[in-house]
Structure formats: structure tokens, C-alpha cells
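Please read the structure below before turning to the comments.
To find a chain, count down the sequence lines: A is the first, B the second, and so on, and within it residues start at 1.
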Protein chains: 2
Amino acid sequence: MSFPTPGKPVRGSKSGNHLMALFDLLGRSWSMGIIWRLHEGPCTFRALQERCESISPSTLNKRLKELVQAAMIKRTLEGYALTKKGEEIFQLLHPLEDWARNWAKDF
Amino acid sequence: MSFPTPGKPVRGSKSGNHLMALFDLLGRSWSMGIIWRLHEGPCTFRALQERCESISPSTLNKRLKELVQAAMIKRTLEGYALTKKGEEIFQLLHPLEDWARNWAKDF
DNA sequence: ACTTTTTGCTACTTTTTTTGTAGCAATGCT
DNA sequence: AGCATTGCTACAAAAAAAGTAGCAAAAAGT
């Protein structure tokens, strides 16, 4: 199993532009949700599945493998956890929360 | 055609948590890429298709309709363009570019 | 006014992703 | 030993995305 690798063709860039590779990775179902939920703390596969409310084990497994390969998630004695890079991505996504709150008002 | 609406069930939240709705929307293929490319300036459907390098018209059309409904994109005399909200989202995504550059070094 | 080009799609089929459900092997607890 | 929990895998079904062709409307050119 592979993940959208910078330097290889990805969605949005035949030459594998790094940003497009990142968009391809984060733009898969549940990617951002998993990172978000994992930030609450390391946890087991099954617990993570529950945090996500409705993810199937097959999808969770696939996404986890990709994110591990992409160095955003690692396995620890306490289960799956964000790496330093994963934590950084979380911090970059963080501002979306407030923005989304505001955005939601219009619906 | 509908988009992940805050307040209604979305991927990651049965109650439609606004952030999960946003993740659902942005986490569809090409969503972030389209926003990114549109920031270069308003343009026509066909031109946007070329900016995206490899998007199919059916997917582009679907994504555009969703993003228009989500108030991130509007139609103008010059073609499709980011709205104020779309521009804000772009600004929030912007830091990902530098991060991705760095991340890419490890592959 | 009429031809040509460009534009914004739609229609349709194929391929890929995601979902949903069942369940099994490994580990740990009692 | 027996039972519960964990981390998955297998498989089928549904949904999303890709790929290709082409048409109707508008714009541009002559």
C-alpha cells in the first residue's frame, strides 16, 4: 500500500508537486478527521474507530497505513499516536475550527 | 446536488459538527486543489480544468457546484472566482505549502 | 448573416474508493 | 482452560471519481 508521494504523480500534479501530494493525502476520506481525533491522545485501533463515530475498519486501516508511511502517525506502546509532523499538521489545521464555526452560521 | 452541510450528518459526525462538515467538504477529491488554483485569479471552466492538469469535467463540475453552495466560490463575469470566504480558506491553507516543501525532503 | 471556435457543460461507461458486515487469530485476564 | 478484547482481514455492495465523446449556446471572426 502506498500513499501520495511527493515527487511522483499525484492528483493535481503529474510531477508530484509537494503541496498537491499533501492535498491528495489529506483529501482522502477521513484523513483530516483521524489526525484531528488522534490529537486528543494516543489510542488503540478500536478506540480510534469509536472516536471517529462511523469509520469502517477497512478504511481506518488503510488511512492509518498511509499516514504512518507519510510520517504523520506512529505506533507506540499506547497505540497509534501523532508524530512530530502529525502534530504540526494538526496545528496547521487547527485554525479551521474557528473558521468553520463562523461559516456554519450561514446554514 | 448537495454538499456536506453543517448541522446535518456528515462523515465524522452524525450531528453535523461544523468542523467535520468542513473536513468532509475539503476532503473530497480536488476540493483543496480547486481553491488553490482559483486563487491565481478568476477563470473559465475550461481554463480551470487546465490549471488543474488532470481533473475530469464531471468531477470539476460536481466540485464547483458544491463549493458554490458552500459559499466559497461564485460566478462572475470573468468566470469562476473565490468568494471572500473562499479567499479566507485559501489563507488558512496557505501555510501548508511551506510545510509540504519541508515534508517532501524526507522522500 | 453565416461559419467557426470556444465554452460549459451532460451522458455514459469503466475504474477506484469507500462502506458495511462478519469473523478470525493473537494477546491478556481470571 | 475459558472468555473478552484487540487489530485487524475478507468479501460483497454501494458510492465516488475518472475518462471519453460530444452537444447546445454563446462569442468571435469574416
**Message:** Taking the basic N atoms (NZ, or NE/NH1/NH2) and the acidic carboxylate oxygens, is any pair closer than 4.0 Å for Glu53(B) and Lys14(A)?
**Reply:** no
**Request:** Establish, with yes or no, whether the OP1 or OP2 oxygen of dA18(D) is under 4.0 angstrom from a side-chain nitrogen or oxygen of Trp30(B).
**Result:** yes
**Message:** With a 4.0 Å cutoff (strictly under), does any side-chain N or O of Arg63(B) reach OP1 or OP2 of dA17(D)?
**Reply:** yes
**Message:** Counting only side-chain heavy atoms from C-beta out, which of dT20(D), dG20(C), dA17(D) sits nearest to Ser29(B)?
**Reply:** dA17(D)
**Prompt:** Who passes salt bridge (Lys or Arg N to Asp or Glu O under 4.0 Å) against Lys62(A), sequence neighbours left out?
**Reply:** none
**Prompt:** Using 4.0 Å as the upper bound for N to carboxylate O, is an ion pair formed by Arg63(A) and Glu66(A)?
**Reply:** yes
**Request:** Determine the contact category for Ser56(A): base if any of its heavy atoms lies under 4.0 Å from a base atom, sugar-phosphate if only primed atoms, P, OP1 or OP2 are that close, otherwise nothing.
**Result:** base
**Complete:** Expected list for residues 38-54 of chain A near DNA chain D, using heavy atoms below 4.0 Å, is Thr44(A), Phe45(A), Arg46(A)
**Message:** On the nucleotide dA18(D), are OP1 or OP2 found under 4.0 Å from the side-chain N or O atoms that Thr59(B) carries?
**Reply:** yes
**Request:** Would you sketch DNA chain C in dot-bracket for me? Only Watson-Crick or G-U wobble pairs with both distances under 3.5 Å count, crossing pairs as [ ], other-strand pairs as |, the rest as dots.
**Result:** ||||||||||||||||||||||||||||||
**Asked** Taking the six-membered ring for Trp, are Phe107(A) and Trp103(A) parallel (under 30°), tilted (30 to 60°) or perpendicular (over 60°)?
**Response** perpendicular
**Item:** Ionic contact status for Glu50(A) with Arg46(A), cut-off 4.0 Å
**Value:** no
**Fill in**
Atom CG of Asn61(A) and atom C1' of dG20(C) are separated, to the nearest Å, by 15 Å
